[in-house]
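Please read all numbers here as calculations on a predicted model, not as lab measurements.
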Amino acid sequence: MSNKIYKPKSISGFPEWLPEVRLVEQQWFDHIRRVFESYGYCNIETPSVEELDVLRAKGEVDKEIYVIDRLHKEEGDKEGRLALHFDQTVPFARYTAQHFNDLVFPFKRYQMQRVWRGERPQAGRFREFYQCDIDVINVDNLPISFDAEMPAVMWEILTALPGMQDEKIQIRISNRKVLLGYIESLNVSENIAAQILAIIDKIEKIGAIETSKQLNELLKNNPLHALMVDNILSLTQTNDLKSVQPENEQMKEGLHELITVMDRLKHLPEGAVVADLSIVRGLDYYTGTVYETVFLDDPNYGSICSGGRYDDLAGSYINKHLPGVGISIGFSRLFARMVDKQKLDLKAKTPAQVLVVIPSEEQQVAAAETAQILRKNGHKVELYHAAQKLGKQLGYAEKKGIPFVWFVPSEKDGMHQLKDMYNRDIPNKDFKDPSEWKANA
RNA sequence: GCGACUGUAGCUCAGCGGUAGAGCCCUCGGUUGUGGUCCGAGUUGUCGCGGGUUCGAACCCCGUCAGUCGCCCCA
């Protein structure tokens, strides 16, 4: 055995939490799971790794993918290269294609797992993080109503998460067919079109004036550039979808879909969900509706809940047409912000609700028996580990944030006592029998 | 991948050329069946790493690694 001590340090971008934070994180997962299931989504879990070729099936992927290797891999070993998945949508599409015959469609599933991206970490940006996804995939046709269900479910979750009550968030929705259709009508090269999208994507960050400047610079060789820039800006900033004149069939279809989705979200509070044609959402597999969600007081923190519709992602793995739509909570990004802003209730460092103390050696057995009875009655119980001074035992309960302390009787035929640690003024409750104490009473 | 800034005790930081410090935390005591306050005592360091300048470097210089924040990209 070596005595060498490796100084412990956290690896940047790979978050880990203290017990009191983890407890709240688990509550968040419970809450999210409950709402997902209330809409009938079933859970699946896919492996952390996929074959690299599966992850790249949709062509070039910009995302930084971690590949994994065996330490003792021999030269010439013929194995598919394995890689950690960078999202849950691609593995889900593979899963759906693979188990096509055993699934019932429309297939509604949720997934809450870690994903990995080798990007440079920053506030709210990790290399290992949780996503909570819901997706629906159907055969041949997927009703547009699902495009409206996605943000509705997420709004319900996000506004009710413990600690999120005061946060002002907004889900923004667009349809890529609108902007892509419009840009197609401009007859510019593919390269220029991509650059236009990249500039529009930053509109909130850099402002309309800077956007206009950059677009003019980009398009300056086109004789109509002033008009084009004006039109792009007014399109991406419009508040009235119905007044937009479609330039072609694709744009018309996108507008119609977007208007339909917005119509079906009218039951949500004013400003919860808005149509925003400047949403670009990268350049990967989305083909129609796209979502992103921001904190209104800090939109640059990044999206905490994004997704969209993909017409043919599963088609990379099976010769069928399997359109889908999905949305994903950037769980770790969202959670880390609430931790940083101290919005979480971190009193408890343990799930234990009651600490059974051991006032003296003689009571050790009685204390252990009592703890067992309380557990059988549904309480979460920790038994103190030694017959030490009571002040020390109470201090322990306090430090761990255990709300109740239990005293076994000090004499034959005496009463059990329950002490409330948070409300010192409340007198101790007496019980003849530990079973008289009901959980949550 | 590019740029800026920062690395000193478990944590937050002071010291900026002359023997390494404070607060918090932790441990014990004041308090042998009822905690949080207060008081006293105590433990804690390759000053990120390597090289250079200097009689002397935590401090100045070079390199390197790590972290934070921007850019890019994204949850």
Side-chain angles (χ1 to χ4, degrees), chain A residues 4-5 7-15 18 61-65 85-89 111-133 154 158 194-195 197-199 201-202 205-206 279-284 286 290-295 300-308 326-337 340 347 355 357-363 367 384 387-411 414-415 417-424 426-428:
Chain A
K4 165 94 178 154
I5 292 177
K7 190 171 181 177
K9 59 179 181 193
S10 52
I11 303 173
S12 175
F14 291 78
L18 289 171
V61 180
D62 294 338
K63 301 192 172 62
E64 290 281 351
I65 298 175
H85 57 230
F86 56 82
D87 74 0
Q88 297 183 124
T89 311
Q111 236 170 307
M112 307 199 292
Q113 292 179 229
R114 285 181 163 131
V115 304
W116 294 266
R117 291 181 196 175
E119 297 159 353
R120 238 189 138 58
Q122 253 168 63
R125 196 168 86 177
F126 302 101
R127 296 197 279 202
E128 175 180 76
F129 56 99
Y130 281 103
Q131 286 190 319
C132 303
D133 285 40
M154 289 309 185
L158 293 172
Q195 288 185 64
L197 287 172
I199 293 170
D201 195 32
K202 287 187 288 189
K205 189 177 254 183
I206 63 180
I279 302 297
V280 175
R281 212 82 295 276
L283 295 165
D284 24 22
Y286 298 122
V290 284
Y291 318 96
E292 70 179 40
T293 309
V294 293
F295 288 102
N300 290 336
Y301 185 69
S303 175
I304 50 158
C305 185
S306 309
I327 191 166
S328 172
I329 300 175
F331 183 98
S332 302
R333 171 176 286 180
L334 180 60
F335 187 71
R337 183 180 169 92
D340 283 349
K347 252 187 300 197
L355 178 74
V357 292
I358 306 177
S360 68
E361 297 284 356
E362 296 74 52
Q363 285 156 297
Y384 196 74
Q388 291 178 336
K389 283 195 300 191
L390 266 183
K392 210 171 156 69
Q393 301 194 47
L394 292 175
Y396 178 79
E398 210 232 312
K399 266 196 292 187
K400 278 189 110 169
I402 303 175
F404 295 103
V405 167
W406 190 281
F407 298 89
V408 295
S410 54
E411 54 205 37
M415 299 290 274
Q417 283 199 325
L418 181 67
K419 179 182 179 64
D420 188 323
M421 295 296 289
Y422 291 157
N423 305 292
R424 309 187 77 187
I426 297 180
N428 292 355

Using both distances under 3.5 Å as the test, list the Watson-Crick or G-U wobble partner of [N], or none.
{"N": "B:G29", "result": "B:C39"}
{"N": "B:C2", "result": "B:G70"}
{"N": "B:G45", "result": "none"}

Spacing of the [atom1] atoms in [M] and [N] (rounded, Å):
{"N": "B:G48", "M": "B:G7", "atom1": "P", "answer": "9 Å"}
{"N": "B:A9", "M": "B:G15", "atom1": "C1'", "answer": "14 Å"}
{"N": "B:C26", "M": "B:G10", "atom1": "C1'", "answer": "9 Å"}
{"N": "B:A22", "M": "B:U43", "atom1": "P", "answer": "12 Å"}
{"N": "B:G70", "M": "B:U27", "atom1": "P", "answer": "38 Å"}
{"N": "B:C61", "M": "B:C38", "atom1": "P", "answer": "43 Å"}
{"N": "B:G63", "M": "B:G3", "atom1": "P", "answer": "13 Å"}
{"N": "B:U37", "M": "B:A75", "atom1": "P", "answer": "46 Å"}

Just call it for [X]: base, sugar-phosphate, or nothing, with non-hydrogen atoms closer than 4.0 Å on any strand.
{"X": "A:Gln388", "result": "nothing"}
{"X": "A:Phe126", "result": "base"}
{"X": "A:Phe407", "result": "base"}

- Task: Could you check whether A:Phe129 and the base of B:A75 form a stacked pair, meaning centres closer than 5.5 Å and planes differing by less than 30°?
- Result: yes
- Query: Taking N and O atoms by type only, does the side chain of A:Arg125 place a donor or acceptor under 3.5 Å from a partner on the base of B:A75?
  - Reply: no
- Query: Is there a donor on the side chain of A:Arg120 or the base of B:C72 sitting less than 3.5 Å from an acceptor on the other?
  - Reply: no
- Message: Less than 4.0 angstrom between a side-chain N/O of A:Lys399 and OP1 or OP2 of B:C25, yes or no?
- Response: no
- Item | B:U34 OP1/OP2 closer than 4.0 Å to side-chain N/O of A:Gln393 | no
- Task: Return the 5'-most residue of the pair A:Lys202, A:Ile304 with respect to RNA chain B, ranking by each residue's nearest nucleotide.
- Result: A:Lys202
- Note on the structure: So the side chain to side chain donor-acceptor pair (under 3.5 Å) pairs with at least one residue in residues 388-397 of chain A (sequence neighbours excluded) are A:Glu382-A:Tyr396, A:Tyr384-A:Gln388, A:Tyr396-A:Lys400
